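The structure under discussion appears below in the form of structure tokens.
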Amino acid sequence: MKQFLSPADLGDLRKAFQEAIEIKNDRYGHVELGRNKTLLMIFFNSSLRTRLSTQKAAMNLGMNCIVLDVNQGAWKLETERGVIMDGDKSEHLLEAIPVMGSYCDLIGVRSFATFDSKEKDYSEAIIQQFIQYSGRPVFSMESATVHPLQAFADYITIEEHKTVERPKVVLTWAPHPKALPQAVPNSFAQWMVAAGYEVVVANPEGYDLDPKFTAGATITHDQDEALKGAHFVYAKNWSAYEDPNYGKILSKDMNWTVSAQKMALTDNAFFMHCLPVRRGMIVTDEVIEGPRSLVIPEAANREISATVVIKRMLEALEK
Ligand code: AN0
Ligand code: CP
């Protein structure tokens, strides 16, 4: 595997799940694979889970790990070609990327949507430059439009907890004070459809996601209707995708907050969220602290999803 952005990069999801469970039962079983290999993790944005779980995954595989927070201590990077660099940016990404590639064997990149340009965000301009110019396999640690390590961990978590072969999985928008990317819901919808589940996406009008990611899911603007019979409820805020409101907040409607009353509409569903989550906005304390909340095991599975992905990239290096 040379890049990791989508479920297609992983191939057969059932095989990937089996590999995940093998790793979970013996997470140091491949500790020789990464000996004298180095992972470079590059963060353009903040992180708790991704940083810790990905570093832990690399260590499980015997790798060395270097972490760079681009905005704290590195030179300010220009990302556009053809500009006269007479401003505050000291270095161009086109030099920085091959230099970074020369110090490592694999690269993970976190680079959120900036909302400056939908076209730029949806072309995944930053991570694609890493893929093109680093000379190394590259995986997304949440790039502009996708968060595949999260969606893979979510898939593992659902497989572990489901009690019917094809569960009803509902992705619901919920209110949030700041404009957030569509990366998590895009990947979640894409992976859940790829897993073969019954997938329903519920969001207020104006918040429909890019159909490229939701193809195969049912889209509705009626949250209560969507929740009926759900086995898993995945809450997430995102900003508008559709023009002319790309990246904007159109609603903070607290009727969309996932509460015990909302969960009562479901088939005793599990509650999921990628974290970090704002209590009282996205979900009530009662639901997130309740016995059907999977937020902690879901976050713990980030170590597992990252171990599978890094293992596959290391195996491909040897070929
Ligand atoms: C980010 C997002 O919504 O994409 C990261 C989630 C994993 N969340 C925030 O910035 C709060
Ligand atoms: N879920 C997730 O990716 O969390 P962080 O932003 O803390 O890494």
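Please read all numbers here as calculations on a predicted model, not as lab measurements.
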Please answer whether the main-chain N or O of [Y] pairs with a side-chain N or O of [X] as donor and acceptor at a distance below 3.5 Å.
X	Y	answer
S123	K120	yes
R136	G101	yes
R278	H176	no
T257	M281	yes
D105	T38	yes
H92	E80	yes
S102	V99	yes
R292	N268	yes
T284	S259	no
N245	E242	no

Under a single-linkage definition using a 4.5 Å side-chain heavy-atom cutoff for Ile, Leu, Val, Met, Phe, Trp and Tyr, are [X] and [Y] assigned to the same hydrophobic cluster?
X	Y	answer
I131	L77	yes
L5	F43	no
I107	M63	no
I42	F112	no
M100	L94	yes

To the closest 0.5 Å, what do you measure between [atom1] ([X]) and [atom2] ([Y])?
X	Y	atom1	atom2	answer
K236	F188	NZ	CZ	12.5 Å
M41	D69	CE	CG	9.0 Å
I156	I23	CD1	CD1	8.5 Å
L61	R27	CG	CZ	11.5 Å
W75	D88	CH2	CG	12.5 Å
Q132	I97	CD	CD1	9.0 Å

Between the side chains of [Y] and [X], is the shortest nitrogen-to-carboxylate-oxygen separation below 4.0 Å, so that they form an ion pair?
X	Y	answer
D222	K228	no
E315	K311	yes
D267	K168	no
K262	D224	yes
R279	E289	yes
E32	R35	yes

Side chains of [X] and [Y]: closer than 4.5 Å at any heavy-atom pair?
X	Y	value
V164	P167	yes
Q150	E298	yes
V199	T214	no
N237	K178	no
N60	K56	yes
P137	L317	yes
F232	K162	yes
N186	W238	no

Which heavy atom in [X] sits nearest to a heavy atom in [Y], and how many Å separate them?
X	Y	value
C274	V184	SG-CG1, 3.9 Å
P181	A113	CB-CB, 4.4 Å
V193	G216	CG2-C, 4.0 Å
A179	I249	N-CD1, 3.5 Å
G280	M254	O-CE, 3.3 Å
L209	Y241	C-CD2, 3.9 Å

Is it true that the side chains of [X] and [Y] contain a donor and an acceptor less than 3.5 Å apart?
X	Y	value
E124	T145	yes
Q223	T172	yes
E160	N301	yes
T50	R110	yes
Y246	D121	yes
Q182	Y207	no

message = Please check if the number of heavy atoms outside E91 that lie under 6.0 Å from its CD is greater than 12.
response = yes

key: M263 vs E286, side chain to side chain contact (heavy atoms under 4.5 Å, CB included): CA-CA, chis, key distance, verdict   = CA-CA 11 Å; M263 291 301 284; E286 191 183 5; over 6 Å; no

inquiry  = Could you walk me through whether L39 and K37 satisfy the side chain to side chain contact (heavy atoms under 4.5 Å, CB included) test, starting with their C-alpha distance in whole Å, then the side-chain angles of each, then the deciding distance to 0.1 Å, before giving a yes or no?
reply    = CA-CA 7 Å; L39 170 67; K37 294 279 191 289; over 6 Å; no

Cation over ring face, R166 and Y197, 6.0 Å, 45° = no

key: Option from F152, Y234, Y155 for which ring pair (Phe, Tyr, Trp, His ring centres under 6.0 Å) with W191 holds   = F152

task = Could you please spell out the steps behind the side chain to side chain contact (heavy atoms under 4.5 Å, CB included) verdict for M192 and I158?
result = CA-CA 10 Å; M192 296 304 109; I158 292 176; 3.6 Å; yes

query = When you look at V67 and Q55, which way does the side chain to side chain contact (heavy atoms under 4.5 Å, CB included) test go after all the steps?
reply = CA-CA 9 Å; V67 185; Q55 184 160 358; 3.8 Å; yes

